[in-house]
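The next block holds one structure in the form of structure tokens; read it before the comments.
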Amino acid sequence: MLVELDPSTKKTLRKALRNRNIRVGGIIVATFVLMGLLAPFIAPYDPTKGNLRDSLLPPCSKYPFGTDFAGRDILSRVIWGARTSLIVSTVSVFIAVIAGVLVGGLSAYVGGWIDEVVTRIVDVMLSFPDILLALFVAAIVGPGLENVIVAVALYNFPQFVRIMRGSALQAKEMEFVEAARAIGESNASIFARYLLPNSLAPIVVHATLRTAASILTAAGLSFLGLGVQPPIPEWGQMMSDARTYLVTAPHVWIFPGIALFITVLGFNLLGDGLNDVLNPKMEV
Amino acid sequence: MLLEVHDLRVSYHTDEGTVKAVDSVTLSLGRRETLAIVGESGSGKSTLALSIIGLLPKTARVDGSIRFLNKELTSLREEEFRRLRGDRITIVFQEPMTALNPVFTIGKFMRDIYLTHRGGTEKDALSLAREWLGKVKVPGPEKVLSSYPHELSGGMRQRVLIASSLMLEPDLVIMDEPTSALDVSVQAQILRLIAELKSQVEASFIFITHNLGVAAAVGDRVAVMYAGKIVEMASKEEIFSNPMHPYTQGLLRAVPKVSGGEVEPIPGSVPSLVNPPSGCRFHPRCPLADERCAEEEPALMEVGSGHWVACHRVSGSGRW
């Protein structure tokens with residue numbers, strides 16, 4: 001090995017690789033990510049250009065997943081849809097994690113009335129059902145890729161604030177934080193180098209699980225017409241388009257549906273597996 | 001004098017009332033001197049230590065004066081205090097298992113202390129860390145530098161923390177029960193190490209313990225605290241050969257002896273600091289208490305050279 005890993009990291013890694021959830025989830029997620037990244041190279045057709053003469057063809061040798069009403073290749077659209085889902089979910093979760101970790105961590109570290117206010121706001125945000133908050137935002141800012149990202153990030157945000165706050169409150173009481181003060185570390189340094197790294201394990205797990213939920217929510221928004229707009233290929237919107245041909249051309253919704261199902265399952269398996277490895281106390 | 005604490009009072013406001021954790025404590029510490037502070041849990045000895053290094057929670061109210069290196073610490077700006085901490089004043093905590101950040105290696109931890117206060121290069125920092133790990137007799141300093149805290153035993157971690165506390169040649173080292181969380185055999189090793197290191201460094205030590213035997217092993221002078229007050233303070237020899245305060249005498253009688261004989265516990269328990277007893281705080285448990293003890297608080301008086309006692313039964317005649 002090029003990098004010399006210390007024994008505990010090796011042990012965690014070995015444990016992770018032995019975990020079946022991580023192996024299965026990891027393979028699914030890796031496939032999904034590769035599909036998204038390599039879409040331009042592996043998709044057989046342009047996902048946005050259709051041939052109306054090939055409209056609604058069932059799966060055949062020319063179009064393995066068939067075509068939609070506009071004669072566009074569904075396989076290519078599923079592959080490009082992975083890219084859309086990948087962008088929406090990772091960017092929105094990334095934004096939510098950064099914002100949530102900062103707000104939750106600072107809230108716990110500073111405490112007092114600031115913590116009180118942050119907690120109440122988060123409680124209010126969490127009291128909305130997931131999709132409702134995203135719908136609310138999407139309805140205000142309108143449809144479109146960037147707006148879906150904002151809507152999904154906003155609905156993930158309070159969860160990360162709450163998790164980070166709890167985790168940081170716990171880390172804050174550890175003696176090494178007081179010891180850090182005793183060796184003359186500044187508040188900023190204690191926050192960034194003592195509190196954050198010791199609070200991140202639950203965030204990593206939750207981020208994986210929220211990626212799955214975000215893919216679903218983004219697909220849901222698009223299904224309702226409030227998400228990504230045509231002609232950008234998106235699984236939820238593809239299924240929405242297929243409602244008219246639900247029975248007559250089921251392949252139009254089956255393939256994006258399967259892609260969505262497997263991807264979400266993969267992220268959930270990975271998240272559960274990470275939880276087992278990173279929080280061994282939860283193991284049954 | 002390196003450190004002069006005058007009439008220090010530390011109190012907390014709680015729902016039950018004001019807790020007077022430290023009440024009118026006056027003491028001083030010269031260079032290269034070791035003061036052992038002995039007391040039961042809740043006697044205020046740790047609060048005293050934390051007030052000197054400025055680590056009391058924000059809710060604490062501090063009155064009185066703490067002078068260190070000709071600076072008044074009670075009114076020092078946080079920014080300035082931060083520069084003292086870890087450099088001129090250091091502290092070793094009781095729990096070596098949790099006092100180290102689990103995500104840093106020992107090398108990074110020690111290097112950061114150096115870089116924070118001295119600047120300089122990583123190479124200098126690591127070579128000093130290595131040198132000090134050798135001085136605290138850590139086997140294989142090089143390997144320990146690249147280890148994470150959880151890979152080391154409690155005794156080893158405490159050695160690392162002691163090395164870190166001495167590395168920058170501070171003027172004052174506070175040790176807050178540094179051996180209490182360790183196995184007895186390790187305790188003895190660490191105490192021997194501290195006694196050895198004391199003669200090698202220029203620092204003064206405040207050594208906090210609930211164990212009179214430990215105090216005797218490391219202290220030049222011993223201060224006995226009870227319910228937030230110093231009740232007796234004298235040289236180590238004087239305290240053990242001529243204890244004057246009934247509480248000190250009680251503590252000495254309560255220590256089990258190898259030769260056998262009765263252990264006499266002090267009856268009762270440490271009083272509440274929200275509503276402490278009137279007069280002498282020890283009077284409800286004191287075998288010699290009379291009416292005056294219940295009404296009037298005895299002052300800490302010098303009864304012999306360097307021997308201070310706060311007891312009505314002593315100050316009157318010099319002997320009771």
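All values below were derived from every heavy atom in this structure, side-chain atoms included, with hydrogens, water molecules and symmetry-related copies excluded. These numbers were taken from a predicted model, which means no experiment stands behind them. A note on names: the letters A, B, ... follow the listed sequences, proteins ahead of strands, and every chain is numbered from 1.
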Salt bridge check, [Y] against [X]: does any charged N sit closer than 4.0 Å to a carboxylate O?
X: B:E95; Y: B:R157; answer: no
X: B:D171; Y: B:R31; answer: yes
X: A:R181; Y: A:E178; answer: no

If we define contacts as heavy-atom pairs under 4.5 Å, which of B:I53, B:T116, B:L100 has the most with chain A? B:L100

Below 4.5 Å, heavy-atom pairs only: which of B:V92, B:D112, B:I91 has the largest tally toward chain A? B:D112

Result for side chain to side chain contact (heavy atoms under 4.5 Å, CB included) between B:V136 and one of B:L166, B:L193, B:I194 points to B:L193

Under 4.5 Å heavy-atom distance to chain A, tell me which part of [X] shows up: side chain, backbone, both or neither.
X: B:K108; answer: side chain
X: B:D87; answer: neither
X: B:F109; answer: side chain
X: B:L168; answer: neither

Say whether, by atom type as modelled, one donor and one acceptor occur between the side chain of [X] and the main chain of [Y] under 3.5 angstrom.
X: B:R32; Y: B:F205; answer: no
X: B:S51; Y: B:L48; answer: yes
X: B:E4; Y: B:L29; answer: no
X: B:Q187; Y: B:T179; answer: yes
X: B:R82; Y: A:G184; answer: yes
X: B:E169; Y: B:E202; answer: no
X: B:K198; Y: B:V218; answer: yes
X: B:R61; Y: B:S11; answer: no

Within residues 89-126 of chain A, residues adjacent to chain B where the heavy-atom gap is under 4.5 Å: none

Contact listing (chain B partner; residues 199-209 of chain A; heavy atom under 4.5 Å): none

Chain B shares the most heavy-atom pairs under 4.5 Å, among A:P197, A:S186, A:A180, with A:S186

Under 3.5 Å, is there a donor-acceptor pair linking the side chains of A:S189 and A:R193? yes

